[in-house]
Amino acid sequence: MQPDIEPVILCKNCNAFVTKPEFAVRTGEGFAQTFANPSGHVFEIGCFAQAPGCSQGSERSSDFTWYPGYDWCIGICRSCTFHLGWIFLPVRQGTGSKFYGLILDHLIFP
């Protein structure tokens, strides 16, 4: 008998652990949302409360934020530095929780 294996979500570039399905959260219109950046690139992102395999890859910014009341920074894979999405940080303490907006096409789902 094999032990139960907990499902995990991996980096599409290097297969490293990024997060777990149980960390998915609903923000705005739901879990998956589509946004465009100022250059017109369109991203479908999924939101997660935790993503231990994602680290901060840029300075914090408030420019063109998709979530009012939140700053953002680029989120990269801890293992290979592949762009996974963005980390959203509340502008004011106590007004919300940090969350990760990860590009769904950059992840491998169970």
Side-chain angles (χ1 to χ4, degrees):
M1 179 177 202
Q2 285 185 299
D4 290 336
I5 298 173
E6 188 175 359
V8 295
I9 299 170
L10 308 175
C11 172
K12 187 175 184 175
N13 190 58
C14 73
N15 294 320
F17 168 75
V18 175
T19 190
K20 298 178 183 180
E22 67 194 63
F23 296 148
V25 294
R26 297 177 61 84
T27 60
E29 300 299 315
F31 165 71
Q33 297 166 55
T34 304
F35 294 104
N37 69 11
S39 300
H41 292 97
V42 177
F43 299 95
E44 184 176 15
I45 64 170
C47 297
F48 296 86
Q50 298 176 43
C54 181
S55 62
Q56 187 172 332
S58 72
E59 294 297 317
R60 187 176 181 142
S61 175
S62 59
D63 295 342
F64 202 77
T65 186
W66 294 327
Y67 296 97
Y70 284 84
D71 290 340
W72 58 269
C73 60
I74 292 172
I76 59 173
C77 176
R78 286 189 189 276
S79 186
C80 72
T81 71
F82 184 63
H83 179 215
L84 294 174
W86 298 267
I87 303 168
F88 292 93
L89 307 151
V91 174
R92 290 187 197 91
Q93 256 187 334
T95 60
S97 298
K98 171 173 93 170
F99 68 94
Y100 298 79
L102 304 180
I103 303 166
L104 297 177
D105 285 346
H106 291 195
L107 302 172
I108 299 171
F109 287 84

Compile the donor-acceptor pairs under 3.5 Å between side chains in residues 85-94 and protein atoms, sequence neighbours left out, one pair per line.
none

Donor-acceptor pairs under 3.5 angstrom involving side-chain atoms of residues 31-39: please list them, not counting sequence neighbours.
from	atom 1	to	atom 2	distance (Å)
Gln33	OE1	Tyr67	OH	3.2
Gln33	NE2	Thr27	O	2.5
Gln33	NE2	Thr27	OG1	2.9
Gln33	NE2	Gly30	O	2.7
Asn37	OD1	Ser39	N	2.9
Asn37	OD1	Gly40	N	3.1
Asn37	OD1	His41	N	3.0

Please, which pairs that meet side chain to side chain donor-acceptor pair (under 3.5 Å) have at least one residue in residues 97-110, sequence neighbours excluded? Lys98-Tyr100

Answer yes if Ile45 and Phe23 sit in the same cluster of Ile, Leu, Val, Met, Phe, Trp and Tyr residues linked by side chain heavy atoms under 4.5 Å apart, and no otherwise. no

Within one Ile-Leu-Val-Met-Phe-Trp-Tyr cluster: Leu84 and Val8, side-chain cutoff 4.5 Å: no

Ser55: what forms a side chain to side chain contact (heavy atoms under 4.5 Å, CB included) with it, not counting sequence neighbours? Ile76, Arg78

Looking only at non-hydrogen atoms, find the nearest pair between Ile103 and Leu107 and report the distance. O-CG, 3.5 Å

Tell me, please, which residues at least two apart from Ser61 pass side chain to side chain contact (heavy atoms under 4.5 Å, CB included). Asp63, Trp72

Pro68 meets the side chain to side chain contact (heavy atoms under 4.5 Å, CB included) criterion, sequence neighbours left out, with none

So, for Leu102 and Cys54, which heavy atoms are closest and what is the spacing to 0.1 Å? CD2-SG, 4.1 Å

How about Pro110 and Ile9: do any of their side-chain heavy atoms sit closer than 4.5 Å? yes

Identify every side-chain donor-acceptor pair in residues 13-20 under 3.5 Å, counting partners at least two apart or on other chains, and give the distances.
from	atom 1	to	atom 2	distance (Å)
Thr19	OG1	Gln50	O	2.6
Lys20	NZ	Glu6	OE2	3.1

If we only count heavy atoms from C-beta on, is the Cys80 to Cys11 side-chain gap below 4.5 Å? yes

All pairs passing salt bridge (charged side-chain N to carboxylate O under 4.0 Å, His left out) where residues 41-60 contributes a residue, at least two apart: Arg60-Asp71

